[in-house]
Amino acid sequence: MSEDLVGLATSVRALIDTASRGLVGRRSLVELVVLGAVAREHVLVIGPPGTAKSQAVRQVAEAVGDRYFEYLIGRFTEPNELFGPIDLVELRQGRVVVDTRDMLPEAEIAFLDEVFLGSSAILNTLLGILNERVFRRGHTVRQCPLRICVGASNELPTDLDLAAFADRFLIRVFVEPMPDPHLDELLEVGWQASRPLLPVTGERKGGVLEVAAADVDRVDVAAVRPAIAQCIRTLRRHDITLSDRRAVRAQRLVAAAAVLDGRTTATDADLWALLPAVPTHLAQQRATDVLGPLLERSRSGVAGTAAEEASRGLLATAERIVRTHVEYLGLPVGEDRMLRMEGLAREIDATFPPGALPVAIVAVRAALVDEL
Amino acid sequence: VTVLHWAAPARPLTATAAAGSGSVGAALAHRATGRVGLLVHRAGDWIVVVGESEHLPWADGVTYLGELPGTNRVLVPVHRVPTAPPDVVHAAVRRAAGGVGGTIALLPATASSDGEGVLVVLPGR
């Protein structure tokens, strides 16, 4: 190998190192995108949502310093959203000219999510860009600097026309959600990436929600991270899918739950906040059951009802019973108060096994026995 | 009925009856008197009050019962369930109760027992 090529390979390796930073388990995707960029061949990434596909491509573009264009295509995406608007001044002269500034025709690296959802107008125009690096629309014909286009989809198309379009992507990369052994690392790296680069310091300004939101970045979730990973593994074992992205972001919910309970360290009392991140109603109901033992210590001073509903945790229930008892003590003596107190006693005995009463409940129950 | 083992369920069952014997049963019956939607059953020394969860009476020492999942109207304590498969429990309880079709409560003979179960057949249900 010539010295030039050795130096080049070293530079590319450094570029891949830079682009892979903060990505867990996606180095091969970065490497294949770089391979495609060098070969000037496009890449199709097949995999479920939330698996850091776009992040990997974005980081390659940042590492290279290339102009980058990214878009999530939907069934109703119009061509001008990708290629640029029609120039109205030119249109008055009877010419259809597209203003391509900062749009796909001027990008060097492009990422098109759900690429097969594009309309035929979009896909036909894309064909020219992918095959010939030429953009043609109306009277506009221009060479494109496109180095590589990375398309992404949940699955390969079965439709023959789309399959022909998909064939333009020579490189196929199949990504999967992060395997269980890497979950802890994914959560840690994802959490660090989501926080401000500089430590949060100084005066806490703004309204109550603003201050609380800023406090989330100060929360230490390290101690509870293994429990979060355990919850996600448990969900997966029961076919309840939480994408990598949702798993990472759910940590912020746990951190926010800690803030709402007046703490800057997240504990297993905050795990109830994982439940709302489960994407469907049915899955949330099942998740409540399968995570039951892991969420038993859930509680929240501020969001107590949500904590209880999410986790059905006994401690959360205990806290609510204690609060309710204090409230009932303010009622005048009479039948209504007696019935309410009896209802509390019933809830205690129907909820907590004899001999396993939470400490906070022991005194409440003793007071109820005396009163009733 | 001989129940081989009792164990705590992962979560308490939903209470649909309150049971007690001796003074606890008497207190339950007393509290249930005049309340709408409750059925009071006596079987030997036992009192079992059946009704909606939020209407059940309370007495110190009460045992709340719920339907054992996987059975048809076999009630067991909400905090202690037989570890045998529900269909086995169901068949054994029905057989021991002489084939009656109504609701049957199956209670541990004592708080700590891990063998004997007391059957309370609730007539007419």
Within residues 363-372 of chain A, contacts to chain B at heavy-atom distances under 4.5 Å involve A:Arg365, A:Val369, A:Leu372

Shortest non-hydrogen contact between B:Gly51 and B:Leu56, atoms and distance: N-CD2, 3.6 Å

Taking all non-hydrogen atoms of both residues into account, name the closest pair between A:Val216 and A:Trp191 and its distance. O-CH2, 3.9 Å

Hey, what do you get for OG1 (A:Thr51) to CG (A:Leu186), rounding to the nearest 0.5 Å? 10.5 Å

Residue list, side-chain hydrogen bond (donor to acceptor under 3.5 Å, both in side chains) with B:Asn72, at least two apart or on another chain: none

Once you round to the nearest 0.5 Å, how far does CD1 of A:Ile361 lie from CD of A:Glu347? 8.5 Å

So which of B:Asp60, B:Leu65, B:Val78 has the largest heavy-atom pair count under 4.5 angstrom toward chain A? B:Asp60

Would you give the length of the straight line joining atom CG of B:Asp45 to atom OG of B:Ser21, rounded to the nearest 0.5 angstrom? 5.0 Å

Residue by residue, scan residues 240-254 of chain A and write down, ordered by number, those that have a heavy-atom distance under 4.5 Å to chain B; if none do, write 'none'. none

Salt bridge present between A:Arg236 and A:Asp180 (N-O < 4.0 angstrom): yes

Working to the nearest 0.5 Å, report the span between CD of A:Gln230 and CD1 of A:Ile228. 12.0 Å

Taking heavy atoms only and a threshold strictly under 4.5 Å, list by residue number the residues of residues 330-343 of chain A that touch chain B; give 'none' if the list is empty. A:Met338, A:Leu339, A:Glu342

Polar side-chain atom of A:Arg346 near backbone of B:Pro57 as donor-acceptor pair, under 3.5 Å: no

Which portion of B:Thr14 sits near chain A, non-hydrogen atoms under 4.5 angstrom: neither

Shortest non-hydrogen pair, A:Asp270 vs A:Arg263, comes out as OD1-NH2, 2.7 Å

Should B:Tyr64 and B:Thr16 count as side-chain neighbours, where that means a heavy-atom distance under 4.5 Å? no

Atom pair NE2/CD1 of B:His30 and B:Ile47 - distance to nearest 0.5 Å: 13.0 Å

Evaluate the side-chain proximity of B:Pro86 to B:Val74: yes if any heavy-atom separation is below 4.5 Å, no if none is. no

Point-to-point distance, once rounded to the nearest 0.5 Å, from CG of B:Leu75 to CG of B:Leu107: 8.5 Å

